[in-house]
Protein chains: 2
Amino acid sequence: MGRWEPDARGRLLRAALELFAEHGYEATTTAQIADRAGLTKTTLFRLFADKREIVFQGQGELLALVTRGVDEALNDASAWDRMVNGVLVLSGAHAHEHRTTGRILDPILARSPELNERAVFKRSAITSALEGSLIGHGIDRWQAGALADLGIRAYYSGYDLWVAVDDSSTLADHVLAQITVLRGAAAQALEAAAPQPHPAGVRSADG
Amino acid sequence: MGRWEPDARGRLLRAALELFAEHGYEATTTAQIADRAGLTKTTLFRLFADKREIVFQGQGELLALVTRGVDEALNDASAWDRMVNGVLVLSGAHAHEHRTTGRILDPILARSPELNERAVFKRSAITSALEGSLIGHGIDRWQAGALADLGIRAYYSGYDLWVAVDDSSTLADHVLAQITVLRGAAAQALEAAAPQPHPAGVRSADG
DNA sequence: TACCTGATGCAACTCAGTCACATCAGATGT
DNA sequence: ACATCTGATGTGACTGAGTTGCATCAGGTA
């Protein structure tokens with residue numbers, strides 16, 4: 001346990017968020033972060049793979065979560081229901097405190113291309129995990145891809161809404177609502193493409 | 001024109017691909033690349049924003065392409081047709097030589113997390129460009145998002161197929177085929193979710 | 001008291017990326 | 001020919017991320 005000051009990771013995270021908010025991400029050095037946390041650069045890099053990971057710590061667990069959600073759906077669940085369950089289990093991982101963190105993080109993230117790139121990568125990793133889990137349950141790979149895109153899109157826009165408002169709502173509430181919205185939108189978009197009952201030939205829009 | 005040896009960018013790209021293939025991306029230093037190209041590190045970083053961009057040079061133009069494709073669709077084109085046109089114009093940008101480059105690049109890319117992250121970022125940027133263009137034409141934002149995801153997914157899996165086979169087919173051929181496949185798959189996945197014929201009033205997240 | 005263990009510090013290192021300044025090859029004008 | 005202008009390249013020093021081997025230190029155990 002904590003022989004030295006406890007919770008080195010937490011202290012580093014808080015120090016980093018403070019400094020990022022004050023001076024921006026790029027203008028903050030890892031030495032400064034370690035310094036404010038009462039540690040050294042070496043320890044920082046022992047606890048985090050790189051500077052960006054300070055901000056995204058724990059996102060690795062999300063991959064396991066979404067997979068678990070897909071796996072734990074009922075045996076006769078449809079592809080759609082498996083996807084929904086994956087995204088819902090994913091959403092369940094966020095406590096109310098994450099809302100505050102999200103509010104602090106968002107502007108920092110928006111101003112830093114480097115952080116943005118990592119964020120996109122995490123999103124992609126989660127999407128791939130969802131897609132892979134669905135495929136693992138025998139779902140057609142193209143359906144799995146489309147479902148994963150839709151589900152993760154719902155998750156992220158639900159997250160944005162959840163962070164933006166200030167009520168007692170759960171992340172899962174917003175995500176579920178977004179799934180419904182996106183399902184309707186996707187259906188409408190596809191309807192315009194394939195009005196015939198049997199999805200056959202497409203007319204390309206020659207340029 | 002070339003007062004010195006011409007085509008510095010091309011020489012650097014070739015040198016980089018050689019070295020990456022020989023020793024891997026991470027094990028190759030920028031100085032080595034510049035050296036083999038008969039240049040210096042400084043010049044390398046004058047021509048490329050960073051080490052990763054050597055491999056992804058020119059992807060920035062793709063954003064403009066997909067936007068142009070969406071813009072140049074017929075005035076009364078449906079949301080779907082605008083998306084298709086955007087993706088097709090995007091596909092038209094690749095000559096046959098890109099196939100060879102793709103074959104060399106793919107294994108390098110697969111072995112390097114760093115390059116992978118950049119690749120994902122580029123994909124995301126193209127998706128956002130497509131989504132934004134569609135929204136700019138008055139298309140509902142949720143539809144735009146879903147359409148962009150589907151279109152770019154078709155583009156990338158079409159690209160994979162195009163690179164994998166060795167015939168006279170065009171990238172656009174494969175992408176178009178993938179759009180059809182994905183449209184069918186998405187329709188099927190949604191059908192299981194919403195069996196009711198009228199996807200009517202969708203309630204947005206309470207806010 | 002002696003030992004063990006895991007978390008931390010220290011110092012030196014490599015490499016990506018930046019910058020100010022010098023240089024060099026060719027085009028232009030006289 | 002000669003001087004000059006211009007843009008592409010080289011030089012060398014610098015910052016900061018990330019790594020590594022070794023020392024140290026706090027606490028638990030015998």
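Bear in mind that the values here come from a model prediction, so they are computed numbers and not experimental data. Letters A, B, ... are given to chains in the order of the sequence lines, protein chains preceding strands, and every chain is numbered from 1.
Scanning atom types as modelled, one donor and one acceptor separated by under 3.5 angstrom connect the side chain of A:Arg46 and the base of C:dG9.
Judged by distance alone, with hydrogens and angles left aside, the side-chain atoms of B:Arg36 form no donor-acceptor pair with the main-chain N or O of B:Ala16 at under 3.5 Å.
Heavy-atom distances under 4.0 Å link DNA chain D to B:Ala8 of residues 8-21 of chain B, given in residue order.
A tilted orientation is assigned to the rings of B:His96 and B:Trp162, their planes being inclined by 30° to 60°.
Residue B:Thr40 has a polar side-chain atom (N or O) positioned under 4.0 Å from OP1 or OP2 of D:dG10.
The side chain of A:Thr43 sits closest to C:dG9 out of D:dG18, C:dG17, C:dG9.
Judged by a 6.0 Å distance limit and a 45° cone about the ring axis, A:Arg9 is positioned over the six-membered ring of A:Phe48.
The distance between atom CD of B:Glu114 and atom C1' of C:dA16, rounded to the nearest whole Å, is 9 Å. Protein atom CZ of A:Phe45 is 13 Å distant from nucleotide atom P of D:dG16, rounded to whole Å. If you measure from atom CG of B:Leu44 to atom C1' of D:dA8, you get 14 Å, rounded to the nearest angstrom.
Distance check, rounded to the nearest 0.5 Å: CG of B:Leu147 to CD1 of B:Ile139 gives 7.0 Å. Atom CE of A:Met83 is separated from atom CG of A:Leu150 by 5.0 Å, given to the nearest 0.5 angstrom.
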Polar atom pairs between nucleotides 11-15 of chain C and protein, under 3.5 Å, N or O only, would you list them?
{"unit_1": "C:dA11", "atom_1": "N6", "unit_2": "A:Thr42", "atom_2": "OG1", "d": "3.3"}

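Side-chain polar atoms of B:Arg118 and B:Ser112 form no donor-acceptor pair below 3.5 angstrom.
Heavy-atom minimum distance, A:Ala8 versus A:Leu47: CB-CD1, 3.7 Å.
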